Amino acid sequence: MGNMPSQQLTLFGQAILLGISMGVLYDLLRPLRLKLPELTAVWDVGYCLAVGAVFITFVLERGAGELRGFMILGAAGGMVLFFCVFSA
């Protein structure tokens, strides 16, 4: 990826959308954690593995293998945005 600001802004927006989708997935797992509290650790480990795999794939494909700070900030900001605006 070059140093084109428009490409970086597009990648930042995609990272925000990725963060929102991570938040949606976490919220979808909430009923499972509440219904079966003894399996909470299993659900959380599965969530972390899935999110990690998706984020690594995102970095490799969209970021051309370069992990940049704004990608992490965008994904984290997307999750915060989801939890502040849409989550109960």
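What you see is a predicted model; the values in this text were computed from it and never measured.
- Clustering ILVMFWY residues whenever any of their side-chain heavy atoms sit less than 4.5 angstrom apart, transitively, puts Leu36 in the very cluster that holds Leu29.
- Put simply, the side chain of Leu18 reaches to within 4.5 Å of the side chain of Ser21, judged on heavy atoms.
- Counting heavy atoms from C-beta outward, Leu11 and Phe58 have side chains that approach closer than 4.5 Å.
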For this session: Decide side-chain contact (heavy atoms from CB on, under 4.5 Å) for Gln8 and Arg68; before the verdict, give the C-alpha distance in whole Å, the side-chain angles of both, and the deciding distance to 0.1 Å.
Result: CA-CA 10 Å; Gln8 292 177 353; Arg68 298 188 178 223; 3.3 Å; yes
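- For residues 8-26, the set of pairs meeting the salt bridge (Lys or Arg N to Asp or Glu O under 4.0 Å) definition, not counting sequence neighbours, is empty.
- Phe86 and Val24 fall within the same hydrophobic cluster, where Ile, Leu, Val, Met, Phe, Trp and Tyr residues are linked whenever their side-chain heavy atoms come under 4.5 Å apart, directly or through other members.
- Closest approach of Ala15 to Met71, counting heavy atoms only: CB-O, 3.5 Å.
- With rounding to the nearest 0.5 Å, the separation of CZ in Phe70 from CG in Leu9 is 9.0 Å.
- Taking Asp27 as the reference, Arg30, Ser87 meet the side-chain hydrogen bond (donor to acceptor under 3.5 Å, both in side chains) condition, with sequence neighbours excluded.
- In terms of heavy-atom proximity, Ala75 sits nearest to Phe55 at CB-CE1, 3.9 Å.
- Take Ile16 and apply the side-chain contact (heavy atoms from CB on, under 4.5 Å) test, not counting sequence neighbours, and it matches Phe12, Ile20.
- In terms of hydrophobic clustering, with Ile, Leu, Val, Met, Phe, Trp and Tyr side chains grouped at heavy-atom distances under 4.5 Å, Leu28 and Leu34 are assigned to different clusters.
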For this session: Take Glu66 and Val59 through the side-chain contact (heavy atoms from CB on, under 4.5 Å) test and state the conclusion after the steps.
Result: CA-CA 7 Å; Glu66 296 180 14; Val59 169; over 6 Å; no
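- Other residues sharing the hydrophobic cluster of Leu49, ordered by chain and number and joined by side-chain separations under 4.5 Å: Val45.
- Placement of Val54 and Ile72 within a single hydrophobic cluster is found when ILVMFWY residues are connected by side-chain heavy-atom separations under 4.5 Å, directly or transitively.
- Other members of a hydrophobic cluster containing Val80 are absent, since no ILVMFWY side chain comes under 4.5 Å of it, directly or through relayed contacts.
- Within the structure, side-chain hydrogen bond (donor to acceptor under 3.5 Å, both in side chains) pairs that include any residue of residues 36-59 do not occur (at least two apart or interchain).
- Under a hydrophobic-cluster definition in which Ile, Leu, Val, Met, Phe, Trp and Tyr are linked whenever side-chain heavy atoms come within less than 4.5 Å, directly or via other members, Leu25 and Ile56 are assigned to different clusters.
- Surrounding OH of Tyr26 are at most 12 heavy atoms belonging to other residues, nucleotides or ligands under 6.0 Å away.
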